[in-house]
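Taking it in order: structure first as structure tokens, then the write-up.
Keep in mind that the numbers below use all heavy atoms, side chains included, and drop hydrogens, waters and symmetry copies. Reminder, nothing fancy here: chain letters follow the sequence lines and each chain counts from 1. Nothing here was measured: the structure is a model prediction, and the numbers come from that model.
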Amino acid sequence: MWAKKGITLMAAGAAVAAVAGFGVPKPASHTVAAARVHRGGTLNVGINSDFVTLDPALSSALIDRQLYINVFDPLLKLSRNMQIQPNLVTSWKISNGGKTYTLYLRKGVTFQDGTPFNAQAVVYNWKWDMNPKNASPRISNLALVKSLKTPNPYEVVVNLSAPDSPFLSELTGRTGMISSPTAMKKWGANYDLHPVGTGPFEFVQWIKNDHLILRRNPHYWQKGLPYLNKIVYTPITNPQQEYNALISGQVQLIDSVPYQDVSQLPGNSALHFAQMSGLGYASMELYTKSGPTANVHNREAINYAINRKALIRLIYFGHTKPAYEEYPPSSWAYNPNLKVPFSDSLAKQQLKLAGNPQGFTITLQGNNDPVTIQEMQAIQSELGKVGIKVNIEPLDFTTLLTNAINGNFQANLLGWSGRPDPDQNAYAFDTTGGSFNDPKYSNAQVDKLLLAAREASSISARKVLYNEAAKIVLQQAPYVFLAYTPVIQAWSKSVVGYHAYPDDLMRFATVSLK
Amino acid sequence: MAGFVLRRIINLIPVAFIVLLVTFSLIHIAPGNPAYTILGEQASPSAVHLLEVKLGLNRPLVVQFLVYLGHAVRGNLGRSLLDNQSVAQLIVTRLPVTLELAALAVIVSLIIALPAGILAAYRPNTWIDSLSRFLALVGAAVPNFWLALLLVYFLAVAHHWLPALGWVPLNQGVGSNLVHLVMPVIVLALPLVAVTSRVLRGELLEVMHAMFIQVARAKGARERAVMLRHALKNALIPVVTVVGLQVGGLLGGVVITESIFSLPGMGQLVVNAIFDRDYTVLQGSVLFMAMVVLIVNLLVDLCYAWLDPRIRYN
């Protein structure tokens, strides 16, 4: 239910923003709530893995964003419906056929070290990101940037070499998280151990694999916020132990709940919880350049032979939806009517068309953890029923990834954590030569549709193009989408004002403790 | 004696070199490199290439090894390729956890194992011996991850008697520190008790047949005195060997226990470094641990001489 509501609200809001070319006004202030709220205290948070780097310009790991969202205020923020809203950029203008973005910055904001936040700071960060020597993963997000200008201290003009509709969405993430240039210059190569942003909390200490401490930023630009004095993140990599830590009161909030325990949550009077579709998906990548999966009919056979619902019951204990495309239910590009039937006879028909009616043998690579191994075994048994023999190869994550990027696989289980704009879930994955296109898939029609969607300005036009592309990708199956990744978070009732978001990020500016 | 110790210490140098060479070679056989790990799901061929250049991973392996060796010889273990933290600092922050855990586990195991072994040998083939044998069997057979999860369930989740996980440094409160270590220490000590008590029982029974024991009895010493004063010290040498090996193993990190209880010790550091291909952290910590194990072995050897004056090192 919530998801459907989310789509309508978001589509409307985002459409207004995009068509008008200006940001929507700031929502109601926090002053009313602030009068009754209890200030101070330490919030203990359990996270499912430790942070990798504290510098958003160097980060690729999903978990890092849990930290950044509280230390670095992004230029634009996301509402609970994943709608883009003004933040440090108060309004924006899109001109020159979608190739020029003029960003108007909030005045009176300072970094936690007292450095003023302004256009020079933004440009300093982006030029650093775009320098290949720094090997920032942000370089691909800024790949279309041709020039950056600062006509005045609170205005940044971004000229792109081609229209790039997900650009604003990038500014809600790590590309829009600006570091203090003073701190970057002061610490140089070690800035990543001393991050300084504009967010509600500032960094204090990180003991790797043990804890990370943030404290209240007294100079935060939103007066009166945040309420908490201190946040302590504790990485707990065993999901059951993370849940145990919440139950036993060692932490008051956890970023994920083991699927088998989700059904207990409503019965626990000490806890609140939230459950929703996230932005990402789980999928099987099929290599399209060689081996049996180079034949599109063999790929289609796999697509038909997998019983997604049974897989979801087994792995997610039913707590998510089957996926048939890369756009999640919270996205305006989502098409609820797109699916393939689960059918052994259709699968066998495709095997005949492929010229191997008796089936074939493939190796399926996946991460070496109990849940993924169970998932691989389920897929092995499903595909076995139509004559496709699956050899399972569990690997450590780095090997799995290295094989995927170098085309050293036939089939693997690798998902995507997802981003708010559909382009960010599709373009690099599906277009010829795309940077995340592990299956080496290439289809001229898909290339054309996704490029047109990137350059189109209205949501409605883009939606038609994504739906069209998704149909082709589903039929050709370079990826077999399995399930959307659910966001399931739980927190103690002593935590007040906390809301979960589909992007999984835990925002603490307006959270307080009883 | 001093010459013996000095020789053993000089021997550490070639061992250190071999340890580094083997660690470096083995981890480079594994596919991928830190550039892939760092980029994770955002790894694209071009991003991986940029990062390899930045981290110097595109240079020939021999060059990479020699550069590392050059730094290591000067006492610089470098920085983590993943998170840029100093490797020496990482080891220093983790060492207290592993040291305390290992020390407590060994002490607790000895407190239980010594009386259990002595009693079992004092009254062999009685119910005491059977009980001690049964407990040893259980201690050795129960998988520690299972026992750990069981303890967490009963002591932390069902009843909130102990914290489910985590670590509190000693300087933030001894009580809190110990409370966090109760479950991990039980889990680690149990198999040690099993081995140590059985070894001690077997040794004692053998020693009890020796001529000097009969002499002691013949001169009228009481059975208890014979056992504790004459037999025990002679039976302790194999026990010291076993405990020394256990200490080496514990200091090498107790990966499963550390990960179940989220204890930031050496074991976690090394295992994560392997999975992450964090070459500098891996090489630095394996080198450090190898040195510690060698030094513990040296101390064990010195212990023999103290226990048995007939043993001399020249």
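Aromatic pair A:W187/A:H194: ring centres closer than 6.0 Å.
Looking only at atom types and distance, the side chain of B:T280 has no donor-acceptor partner in the side chain of B:Y68 under 3.5 Å away. Side-chain atoms of A:S169 and A:Q424 form a donor-acceptor pair, as typed in the model, at a separation below 3.5 Å. Using modelled atom types and a 3.5 Å distance limit, the side chains of A:S435 and B:S44 yield no donor-acceptor pair. Judged purely by distance below 3.5 Å, without hydrogens or angles, the side chains of B:R79 and B:Q89 never pair a donor atom with an acceptor atom. If you check the side chains of A:E393 and A:N412, you find no donor sitting under 3.5 Å from an acceptor.
Both the backbone and the side chain of A:S417 come within contact range of chain B, each with at least one heavy atom under 4.5 Å from a heavy atom of that chain. Only the backbone of A:A189 has a heavy atom closer than 4.5 Å to any heavy atom of chain B. The parts of A:K208 that come within reach of chain B are both its backbone and its side chain, each placing non-hydrogen atoms under 4.5 angstrom from that chain. In this structure, the portion of A:D192 lying under 4.5 Å from any heavy atom of chain B is its side chain and not its backbone. Proximity to chain A (any heavy atom under 4.5 Å) is shown, for B:V53, by neither the backbone nor the side chain. Both the backbone and the side chain of A:T399 come within contact range of chain B, with heavy atoms under 4.5 Å apart. Within the 4.5 angstrom heavy-atom criterion, atoms from both the backbone and the side chain of B:I260 approach chain A. With a 4.5 angstrom heavy-atom cutoff, B:A43 touches chain A via backbone and side-chain atoms both. Only the side chain of B:N272 comes within contact range of chain A, with at least one heavy atom under 4.5 Å from a heavy atom of that chain. With a 4.5 Å cut-off on non-hydrogen atoms, A:L193 touches chain B through its side chain but not through its backbone. For A:Q241, the parts lying near chain B are the backbone and the side chain together; criterion is any non-hydrogen pair under 4.5 Å.
Between chain A and the residues B:L55, B:L263, B:L165, B:L39, the most heavy-atom pairs under 4.5 angstrom are made by B:L165. Options B:V157, B:N84, B:L51, B:T37 differ in how many heavy-atom pairs under 4.5 Å they form with chain A, and the most are formed by B:N84. Heavy-atom pairs under 4.5 Å with chain B peak, among A:T398, A:T234, A:N209, at A:T398. The candidate from A:L62, A:I236, A:N403 with the greatest count of non-hydrogen atom pairs under 4.5 Å with chain B is A:I236. Most heavy-atom pairs under 4.5 Å with chain B, from the set A:S59, A:A428, A:A245, A:S248: that is A:S248. Looking only at heavy-atom pairs under 4.5 Å with chain A, the residue among B:S46, B:G166, B:P45, B:A158 that has the most is B:P45. When A:D396, A:D438, A:L58 are compared by the number of non-hydrogen pairs under 4.5 Å with chain B, A:D396 comes out ahead. Between chain B and the residues A:D55, A:D210, A:I139, A:N134, the most heavy-atom pairs under 4.5 angstrom are made by A:D210. Options A:T53, A:V52, A:N408 differ in how many heavy-atom pairs under 4.5 Å they form with chain B, and the most are formed by A:V52. With respect to chain A, the highest number of heavy-atom pairs below 4.5 Å among B:L50, B:N33, B:V48 belongs to B:L50.
Taking the six-membered ring where tryptophan is involved, the planes of A:W416 and A:F436 are tilted, since the angle between them lies from 30° to 60°. B:Y279 and B:H28 have tilted rings, their planes meeting at an angle from 30° to 60° on a 0 to 90° scale.
Atom NZ of A:K186 has 12 or fewer heavy atoms from other residues, nucleotides or ligands within 6.0 Å.
Of all the heavy atoms in B:G265 and B:T98, the pair that sits closest is CA-OG1, 3.4 Å. Across all their heavy atoms, B:Y36 and A:L401 have their closest contact at O-CD2, 3.2 Å.
Checked against B:F261 for a side-chain contact (heavy atoms from CB on, under 4.5 Å), the options B:L181, B:I256, B:V187 give a single hit: B:V187.
No salt bridge links B:R94 with B:E100; every basic N to acidic carboxylate O contact stays at or beyond 4.0 Å.
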